[in-house]
Novice: 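Below: one structure in structure tokens.
These numbers were taken from a predicted model, which means no experiment stands behind them. Each chain gets a letter, A, B and so on, in the order the sequences are listed, and its residues count up from 1.
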Protein chains: 2
Amino acid sequence: MARWEPNARGRLEEAALDLFGERGFEQTTVAAIAERAGLTERTFFRHFSDKREVLFGSEPMSSAIAESVAAAPESASPFEVTAATIADLAEALEGRRERALRRRAVIAANPELQERELVKLAHMAAGLAAALRERGVPDLAAALAAETGLAVFRVAFEQWVNGPDTPGLPALIRSGIDELRNITAE
Amino acid sequence: MARWEPNARGRLEEAALDLFGERGFEQTTVAAIAERAGLTERTFFRHFSDKREVLFGSEPMSSAIAESVAAAPESASPFEVTAATIADLAEALEGRRERALRRRAVIAANPELQERELVKLAHMAAGLAAALRERGVPDLAAALAAETGLAVFRVAFEQWVNGPDTPGLPALIRSGIDELRNITAE
DNA sequence: CACCTGATGTCAGTTCCTGACATCAACGTA
DNA sequence: TACGTTGATGTCAGGAACTGACATCAGGTG
């Protein structure tokens, strides 16, 4: 018989999302999260480096980015690879719209959490740029393609969560890419 | 005779930048900053909402952005306006390269500070997008132009501080814009 | 069976940050 | 001049985030 209930980390994430939704982020103490998960505050900080991280800890985005970039055809231009990659990310999110919205609501209600989300997006951009360089794309082009690609992703994601009935996220990404091409061509 | 030494806020900023440079951000307590400035910890938090903000508190960027956008000719496209605006920002920074580098070094050494910097850049993007909408640019185009414009700014700024002898920031911005046009056209 | 490992608990302490209240020079006004 | 107001600062108490040091003890390993 196991000494402890299994999946402590998952229980902490669950408890945190629930409590943040009920009382808000600031009004929820780490002690309260740990208690609901049947653990102690000290154990919370062994699983997450800080209180915010419990909302961001399990994002497998990085590996997905590397795979998408590697899967793009040899002939694709850097920007085409970028467009295809963020379209793939969108595809992955499309399925879990409900959970994404719930998490989004918590984050939207608190500036500290928005701060952390920006960091995660910046890491995604850095990972994308690195994957592009891996393909032989020069530094400047890789950095610009990655940053602008993530910019399109951010804007499309905003439309997706805000609009009452938007087309799917992948479709929003595609129109964002098109619109960006129009804008920069002027 | 004044009751207190003047410019408490400025003294706090000065003391903080010095101490962060000497010992690092984490090893510097707010109490130590306040003491060097001849004030108390409580007074520090009356001037800055948190410890990080002392490095970001006096950025007059927002108003500069609005002015630049307003100054652009009626005929300019959204992306042209954006390009001109970030070029103006670059112009303003070009003069204070030394201080920008010092501040940059402190920020580069600490993830918490990088987090805050991303927030400031996001606010700049939001302000730029709002100024563009003010001109009648549609929502999506305004958001995309602003986000991609700031992306160019970030990338150029990185080159500027990293490269030992780069051309000026404005020149880097211009080549970034050109490169972006090339990339998206492919 | 003895030993080690690793996830958790316990406890004390530091630092960030906030609320409530006190102080007192400068200033305006009668 | 006297007197009340204002506003920047100080003082104090306390909550919550986070960390380091050490204890515990089921389960695997030799």
Novice: Mind calculating the distance between CD1 (A/Ile33) and P (D/dC18) to the nearest angstrom?
Specialist: 10 Å

Novice: Whole-Å distance between D/dT11 P and B/Phe45 CZ?
Specialist: 17 Å

Novice: Using a strict cut-off of less than 4.0 Å between a Lys/Arg side-chain nitrogen and an Asp/Glu carboxylate oxygen, indicate whether A/Arg11 and A/Glu5 qualify as a salt bridge.
Specialist: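 Salt bridge between A/Arg11 and A/Glu5, a charged N being under 4.0 Å from a carboxylate O: no.
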
Novice: Quick one, which residues of residues 5-22 of chain A touch DNA chain D with a heavy atom under 4.0 Å?
Specialist: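 Result for residues 5-22 of chain A: none.
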
Novice: Quick one: ring-ring contact (aromatic ring centres under 6.0 Å, His included) partners of B/Phe20, sequence neighbours excluded?
Specialist: B/Phe25

Novice: Who passes ring-ring contact (aromatic ring centres under 6.0 Å, His included) against A/Phe79, sequence neighbours left out?
Specialist: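 For A/Phe79 there are no ring-ring contact (aromatic ring centres under 6.0 Å, His included) partners, ignoring immediate neighbours.
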
Novice: Give the rounded distance in Å between these two atoms: CZ of B/Phe44 and P of D/dG10.
Specialist: 14 Å

Novice: Considering only nitrogen or oxygen atoms on both sides, find all protein atoms under 3.5 Å from nucleotides 11-15 of chain C and state each distance.
Specialist:
none

Novice: Rounded to the nearest Å, what distance is computed from the CG atom of residue B/Asp50 to the P atom of nucleotide C/dC17?
Specialist: 5 Å

Novice: Mind checking salt bridge (Lys or Arg N to Asp or Glu O under 4.0 Å) for B/Glu22 and listing every partner two or more places apart, or none if nothing turns up?
Specialist: B/Arg36

Novice: With a 4.0 Å cutoff (strictly under), does any side-chain N or O of A/Thr40 reach OP1 or OP2 of C/dT8?
Specialist: no

Novice: Under 3.5 Å, is there an N or O donor on one side and an acceptor on the other linking the side chain of B/Arg46 and the base of D/dG10?
Specialist: yes

Novice: For A/Ala90, enumerate each residue passing the side chain to side chain contact (heavy atoms under 4.5 Å, CB included) test, keeping only those at least two apart in sequence or located in another chain.
Specialist: A/Leu169, A/Pro170, A/Ile173

Novice: If you compare every side-chain N and O of A/His47 against the phosphate oxygens of C/dT8 (OP1, OP2), does one of them come in below 4.0 Å?
Specialist: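 It does, given that an N or O in the side chain of A/His47 lies less than 4.0 Å from OP1 or OP2 of C/dT8.
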
Novice: Starting from the 5' end of DNA chain C, give me the residue, B/Phe48 or B/Trp4, whose nearest nucleotide shows up first.
Specialist: B/Phe48

Novice: Taking atom P of C/dT18 as reference, at what distance in whole Å does atom CD of B/Glu53 sit?
Specialist: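 Going from CD in B/Glu53 over to P in C/dT18 covers 12 Å.
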
Novice: Please enumerate all residues that pass ring-ring contact (aromatic ring centres under 6.0 Å, His included) together with A/Phe157, with sequence neighbours excluded.
Specialist: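 By the ring-ring contact (aromatic ring centres under 6.0 Å, His included) rule, A/Phe157 matches A/Trp160.
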
Novice: Does any pair with a residue in residues 117-132 of chain B pass side chain to side chain donor-acceptor pair (under 3.5 Å), and if so which ones, sequence neighbours excluded?
Specialist: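 Sorted result for residues 117-132 of chain B: B/Glu53-B/Lys120, B/Arg104-B/Glu117.
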
Novice: Are A/Leu101 and A/Phe153 linked, directly or through other ILVMFWY residues, by side chains that come within less than 4.5 angstrom of each other?
Specialist: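 Same cluster.
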
Novice: How close or far is atom C1' of D/dA17 from atom CD of A/Gln27, stated in whole angstroms?
Specialist: 15 Å

Novice: Considering residues at least two apart in sequence or located in another chain, which fulfil the side-chain hydrogen bond (donor to acceptor under 3.5 Å, both in side chains) criterion with B/Arg181?
Specialist: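 Checked B/Arg181 against side-chain hydrogen bond (donor to acceptor under 3.5 Å, both in side chains); zero matches.
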
